[in-house]
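Since the structure comes first, as structure tokens, the remarks are kept for the end.
Within every chain, numbering begins at 1; the chains are lettered A, B, ... in the order of the sequence lines, protein sequences first and strands thereafter.
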Amino acid sequence: MENRDIAGIFSQIADILDIKGENPFRIRSYRNAARAIGDMSESVAAMVREGKDLEEIPGIGASIAGKIGEIVATGSCAFLGELRESLPRGLPELLRIEGMGPKKVKLFYDTLKIDSVDRLEAAAGKGELKGLPGMGEKSEENIIQALARYRAGQGRFKLSVGLEYAESIIAFLKKAKGVKAIEAAGSVRRRRETVGDLDILAICSPGSDIMERFAGYDGIREMIAHGGTKSSARLSCGLQVDVRVLPPSSFGAALQYFTGSKEHNVALRTRAVRKGLKLSEYGVFKGRRAVAGPDEEKVYSAVGLPWIPPELRENHGEIEAAEKGQLPKLIELKDMRGDLQMHTTATDGTESVAEMAEKALSLGYEYIAITDHSRAVRVAGGLDEKRLGRHLKEIDRAQDRIKGIRILRGVEVDILPDGRLDLDDAILKECEVVIAAVHYRFTMTEADMTRRIIKGISNPRVHIFGHPTGRLILERPGYPVNIEELVKAARDYGVALEINAHPDRLDLKDSHARLAREKGVRLAISTDAHSPAQLDLMRYGIFTARRGWVEAGDVINAYPLKKFLGMLRK
DNA sequence: GCCGTTTTCGGCCCGACTGTTTTCAGTCG
């Protein structure tokens with residue numbers, strides 16, 4: 001039983017209680033519990049088995065702890081079963097539609113017997129919704145639109161998509177008249193792996209034409225709202241962008257507010273209230289007097305905290321750490337001394353060893369590892385022992401020609417389904433950096449896959465385990481692997497776990513990176529570049545590491561060459 | 001249902017927007 005399964009049960013309970021109009025604070029408790037469990041890196045099921053006290057987890061009390069015990073023991077929750085019986089099955093799904101809350105779901109069900117997305121669509125199409133209490137033409141039209149978006153499944157976008165649009169729009173808007181400051185807030189600023197929309201905040205002098213200019217941005221499909229202080233547009237890719245113009249007096253407070261997360265803000269606001277202050281997007285107030293607002297750092301200091309990096313703002317303990325002066329000193333892009341995974345024309349990369357090295361040199365790296373695929377990756381033209389031997393000599397020749405950067409002989413060797421490596425030890429011994437990875441046969445049980453991987457990395461030739469879960473963000477969930485066991489094995493064998501920086505992967509993800517770090521496992525952050533340009537993707541790995549509370553000292557390729565080589569498993 | 005540096009009972013974040021109202025409910029972030 002995974003944490004997300006347990007969290008899912010409590011979310012469902014909350015949804016049903018919501019529709020039934022239960023006590024909203026009781027509902028919030030279930031939602032808080034669901035989120036607390038979903039975000040934990042430690043397995044709750046394992047905690048139960050080890051007899052640990054679940055009530056230690058903030059947001060979990062006696063009642064929910066009891067239900068967790070039941071869920072782990074029996075695989076289900078009787079309370080949820082009863083609740084489900086009490087309502088038509090399709091009702092909770094209706095909450096997923098924008099603009100549909102528990103009250104409307106109940107209203108539509110009570111009056112029109114709408115109990116599924118299909119029925120809602122039919123009723124809206126026939127114009128049956130308008131005329132219900134509180135419903136008019138416009139409300140019905142909005143629901144029709146929301147249904148279309150729901151059907152299109154256009155929910156979230158990869159961080160790289162959101163961030164690159166944000167950067168492009170900001171550069172474009174900076175050229176408007178009177179723009180004094182402009183910044184992206186929201187999940188893009190927190191560097192979440194996916195983003196739902198963009199929030200761009202600006203300070204402008206009177207008479208600025210920023211909103212007119214925004215309407216002329218190339219990628220806009222439609223303007224949703226167009227006012228003097230707030231405009232919203234949908235880009236042709238479907239991403240929504242909100243631009244807000246703020247008075248300088250509240251820019252910092254607004255930046256804080258719109259950066260979120262919601263949970264971080266709730267916690268911060270609760271803290272403000274305890275100090276007799278009121279925190280909103282307009283500032284921090286003592287009575288009617290503003291004590292902070294223009295500057296984000298001062299918003300935090302007003303509630304007695306140091307500034308907290310946006311990547312940490314998830315209410316995952318950052319406020320408590322800030323309070324004790326124990327925030328991590330998060331790793332930065334400039335800490336990186338090398339890149340340890342990249343491919344060349346020897347397999348599926350687009351350029352030669354020398355061209356990759358030249359680009360890495362221009363990025364200021366001290367060293368790189370060239371790590372082409374082993375033969376199991378057929379589509380990439382993976383290397384067998386003989387070809388790898390020749391390729392290693394090619395790496396040496398490139399090193400002879402290029403000064404100023406150390407080019408390490410490496411390979412990305414597959415872990416076969418039985419746990420053996422795809423290349424023999426003799427050739428692996430000649431590689432200075434060996435990354436082990438899984439590229440095919442994902443359909444194994446979790447137990448089998450975990451065994452396969454642990455056997456693979458137990459080979460003393462292996463230094464790093466690459467893209468540890470095999471996921472592709474928004475595309476495939478990854479193969480099943482027991483992350484706790486993997487982390488433990490990595491620590492026991494002295495193998496570093498990779499944070500693959502490719503924005504389609506970000507694997508390890510933030511919470512897993514944090515778990516690994518807490519358990520004393522070393523990390524490697526690498527781009528997995530297949531072209532020189534992809535070496536620039538390192539920043540996404542850094543974002544993920546920062547979200548995982550990772551410091552430079554946790555990352556092997558943030559050390560100088562000599563130290564780095566000394567840290568590799570012998 | 002959870003929680004406690006005023007509390008084991010009585011609170012639980014705050015404000016804007018939308019669409020429908022004639023003073024506000026519902027939803028969202």
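- Using a 4.0 Å cut-off, no side-chain N or O of N142(A) falls inside it from OP1 or OP2 of dT18(B).
- Looking at L508(A) and I483(A), their side chains come closer than 4.5 Å, going by heavy atoms from C-beta outward.
- E55(A) has its CD atom 15 Å from the C1' atom of dG4(B), to the nearest Å.
- If you take atom P in dT6(B) and the same atom in dG1(B), they sit 28 Å apart, rounded to whole Å.
- Annotation: dC13(B) and dC28(B) have their C1' atoms spaced 14 Å apart (nearest Å).
- Going from atom CD of E22(A) over to atom P of dC2(B) covers 14 Å, rounded to whole Å.
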Check nucleotides 25-29 of chain B for protein N or O atoms closer than 3.5 Å to its own N or O atoms and list the pairs.
residue	atom	partner	partner atom	Å
dT27(B)	OP1	G101(A)	N	2.7
dT27(B)	OP1	G101(A)	O	3.1
dT27(B)	OP1	K104(A)	N	3.1
dT27(B)	OP2	K103(A)	N	3.3
dC28(B)	OP1	G99(A)	N	2.5
dG29(B)	N2	Y257(A)	OH	2.6
dG29(B)	N3	Y257(A)	OH	3.3

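- Taking 4.0 angstrom as the limit, S280(A) places none of its side-chain polar atoms (N or O) nearer than this to OP1 or OP2 of dC13(B).
- Atom CD in E56(A) sits roughly 14 Å away from atom P in dC2(B) (whole-Å rounding).
- A distance-only check finds no donor-acceptor pair linking the side chain of D507(A) to the backbone of L472(A) [under 3.5 Å].
- Between R274(A) and N23(A), it is N23(A) whose nearest contact on DNA chain B lies nearer the 5' terminus.
- Taking the O4'-C1'-N9-C4 or O4'-C1'-N1-C2 dihedral as appropriate, dT7(B) has a value within 90° of 0 and is therefore syn.
- A62(A) comes within contact range of the sugar-phosphate backbone alone, with a heavy-atom separation under 4.0 Å but no base atom that close.
- Rounded to whole Å, the distance from CZ on F10(A) to C1' on dC2(B) is 13 Å.
- With the nearest nucleotide of DNA chain B identified for both P133(A) and G59(A), G59(A) has the one nearer the 5' end.
- Annotation: dT20(B) and dG26(B) have their P atoms spaced 14 Å apart (nearest Å).
- Spacing between dC9(B) and dG15(B) at atom P, rounded to whole Å, works out to 31 Å.
- Note on K52(A) versus E50(A): salt bridge recorded, some NZ/NE/NH1/NH2 to OD/OE distance being below 4.0 Å.
- Residue L83(A) contributes atom CG, which lies 14 Å from atom C1' of dG1(B) at whole-angstrom precision.
- When the side-chain nitrogen and oxygen atoms of S63(A) are compared with OP1 and OP2 of dG1(B), one or more of them lie within a distance under 4.0 Å.
- At least one side-chain heavy atom of F214(A) sits less than 4.5 Å from a side-chain heavy atom of M223(A).
- Rounded to the nearest 0.5 Å, atoms OH (Y540(A)) and NZ (K158(A)) are 11.5 Å apart.
- Among the heavy atoms of the strands lying under 4.0 Å from I60(A) are primed sugar atoms or P, OP1, OP2 only; no base atom is included.
- Atom C1' of dC12(B) sits at a distance of 27 Å from the matching atom of dT18(B), rounded to the whole Å.
- Between N32(A) atom CG and dC2(B) atom P there is a gap of 10 Å when expressed in whole angstrom units.
- Backbone-only contact: P58(A) has heavy atoms under 4.0 Å from sugar-phosphate atoms and none from a base.
- Remark: R234(A) does not engage D197(A) in a salt bridge, criterion side-chain N to carboxylate O under 4.0 Å.
- In this structure, K174(A) fails the cation-pi test against F172(A), since its NZ or CZ atom is not both closer than 6.0 Å to the six-membered ring centre and inside 45 degrees of the ring normal.
- At whole-Å resolution of the value, CD in E323(A) and C1' in dT5(B) are 11 Å apart.
- Across the protein-nucleic acid pair, R271(A) atom CZ and dG4(B) atom P stand 14 Å apart, rounded to whole Å.
- dT8(B): no Watson-Crick or G-U partner with both key distances under 3.5 Å is found in any strand.
- A distance of about 9 Å separates the C1' atoms of dT21(B) and dA25(B), rounded to the whole Å.
- No side-chain donor-acceptor contact under 3.5 Å links S250(A) and Y257(A).
- Of the N and O atoms on the side chains of E93(A) and Y150(A), at least one donor lies less than 3.5 Å from an acceptor on the other residue.
- When the side-chain nitrogen and oxygen atoms of R28(A) are compared with OP1 and OP2 of dC13(B), one or more of them lie within a distance under 4.0 Å.
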